[in-house]
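Just below is one structure, and these are the notes that go with it.
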Number of protein chains: 2
Amino acid sequence: MENITEMLKGVLEGCVLEIISRGETYGYEITQQLRELGFTDVVEGTVYTITMRLEKNNLVDIEKKTSTKGPPRKFYTLNAAGQEQLEIFWGKWDFISSKMNELKTNKAKGEK
Amino acid sequence: MENITEMLKGVLEGCVLEIISRGETYGYEITQQLRELGFTDVVEGTVYTITMRLEKNNLVDIEKKTSTKGPPRKFYTLNAAGQEQLEIFWGKWDFISSKMNELKTNKAKGEK
DNA sequence: ACAGGTATATAGTATCACGTAGTAGCGTCA
DNA sequence: TGACGCTACTACGTGATACTATATACCTGT
């Protein structure tokens with residue numbers, strides 16, 4: 001899927017929150033998981049800007065651990081504020097998602 | 001629903017395309033319809049930047065008509081390129097929507 | 001004359017994903 | 001040893017978009 005950049009705004013951060021909420025993970029791994037999900041064009045730089053933002057907004061706890069496969073990894077876990085933010089995110093998503101499907105359904109029905 | 005600005009990026013233009021596709025309409029009316037849909041915080045200025053963009057990208061045909069309720073209205077209809085763009089939009093939406101629901105469903109199931 | 005609803009336009013701002021580049025550690029294989 | 005590839009993080013600049021605020025203008029009813 002190409003050129004979905006604009007539509008990912010606000011969504012990608014929620015995805016990252018969700019992924020972190022499932023257990024301690026780090027930037028590089030998050031990127032891989034997003035790609036597995038289907039967002040194949042997401043690059044590392046994008047994910048790091050998001051994780052840095054999460055740090056800045058104090059939504060994650062951080063632990064640095066060494067790795068045998070390269071430089072040290074920064075592991076993230078959601079803190080209470082992060083959990084709350086994640087719930088807010090899904091709330092927003094459900095809202096928009098339902099409105100959009102409403103619009104689309106009415107389209108199909110040719111209504112109003 | 002507050003602060004969904006970022007999540008509307010890329011989506012709002014699609015909504016406007018969809019609304020126009022249902023029949024000739026103009027900026028002010030599009031704003032009203034978006035509000036009825038549930039996007040209550042959308043203001044005229046936002047919609048006009050979108051319609052101007054649609055004009056610039058030659059996705060709409062324009063006809064100016066007088067009104068008994070105020071200044072002349074600029075009526076828009078989708079042309080072929082606009083129709084195509086609308087289909088592309090729904091394609092993108094379906095893609096992201098399905099991925100997000102996948103992510104959310106796995107969350108509920110507590111899976112991977 | 002004035003207020004209020006209708007209607008369009010635009011300059012400036014903030015936010016976000018992206019592109020690109022740079023730094024660096026480790027393993028493999030020739 | 002040296003080149004390469006994978007892992008891993010950081011930083012800077014860019015482009016697209018929705019939002020804010022403001023200006024302009026037309027029409028109707030009082």
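The sequence lines fix the lettering, A, B, ..., with proteins before strands; numbering per chain opens at 1.
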Notebook entry, point to check: Short question: side chain of A:Asn79, backbone of A:Ala81 - any donor-acceptor pair under 3.5 Å?
Noted result: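 Present.
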Does any N or O in the side chain of B:Ser97 come within less than 3.5 Å of the main-chain N or O of B:Asp94, such that one atom is a donor and the other an acceptor?
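No, B:Ser97 side chain to B:Asp94 backbone: no donor-acceptor pair under 3.5 Å.
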Identify which nucleotide among [options] has an atom closest to any side-chain atom of [X], counting heavy atoms from C-beta outward.
X	options	result
A:Lys74	D:dC19, C:dT6, D:dT10	D:dT10
A:Pro71	C:dA17, C:dA24, D:dC19	C:dA24
B:Tyr48	C:dA24, C:dT6, C:dA9	C:dA9
A:Thr49	D:dT7, D:dC19, C:dC18	C:dC18
A:Leu8	C:dT8, D:dT17, C:dC18	C:dC18
B:Glu6	C:dT10, C:dT6, C:dT15	C:dT15
B:Thr46	D:dT20, C:dA9, D:dT7	D:dT20
B:Glu44	C:dT8, D:dA18, C:dG19	C:dT8

Let me know the distance between [atom1] of [X] and [atom2] of [N], rounded to the nearest Å.
X	N	atom1	atom2	answer
B:Gln32	C:dA7	CD	C1'	10 Å
B:Gln85	D:dA16	CD	P	14 Å
B:Lys69	D:dG29	NZ	C1'	14 Å
A:Tyr28	D:dG5	OH	P	13 Å
A:Ile50	C:dC18	CD1	P	8 Å
B:Phe75	C:dT8	CZ	C1'	13 Å
A:Lys64	D:dT7	NZ	P	19 Å
A:Asp41	C:dT20	CG	P	13 Å

Is the count of non-hydrogen atoms from other residues, nucleotides or ligands lying under 6.0 Å from A:Lys64 atom NZ greater than 12?
->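 No, not enclosed.
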With a non-hydrogen cut-off below 4.0 angstrom, is [X] in contact with a base, only sugar-phosphate, or nothing?
X	value
B:Glu29	nothing
B:Ser67	sugar-phosphate
A:Thr68	sugar-phosphate
B:Gly45	base

Check: Do the side-chain N or O atoms of B:Arg53 get closer than 4.0 angstrom to the phosphate oxygens (OP1, OP2) of D:dT17?
Finding: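 Looking at the OP1 and OP2 atoms of D:dT17, one of them is under 4.0 Å from a side-chain N or O of B:Arg53.
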Any ion pair linking B:Arg73 and B:Glu29 (charged N to carboxylate O, less than 4.0 Å)?
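Looking at B:Arg73 together with B:Glu29, the answer is no, because their closest N to O distance does not fall below 4.0 Å.
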- Message: So which atom in B:Asp41 and which in B:Met1 form the shortest heavy-atom distance, rounded to 0.1 Å?
- Response: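 That closest heavy-atom pairing would be OD2-O, 3.7 Å.
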Measuring only between side-chain heavy atoms, which start at C-beta, is B:Ile19 closer than 4.5 Å to B:Tyr76?
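Counting from C-beta outward, B:Ile19 and B:Tyr76 never come under 4.5 Å.
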Can you find a donor-acceptor N/O pair under 3.5 angstrom joining the side chain of B:Lys9 to the base of D:dT17?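 Such a pair is found, so the answer is yes.
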key: Upstream residue (5' side of DNA chain D) when A:Gly27 and B:Leu12 are each assigned their closest nucleotide   =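 Looking at the nearest nucleotide for each, A:Gly27 comes out on the 5' side.
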Hey, which of these two, A:Thr5 or A:Gly70, hits DNA chain C nearer its 5' end, going by closest nucleotide?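 Result: A:Thr5.
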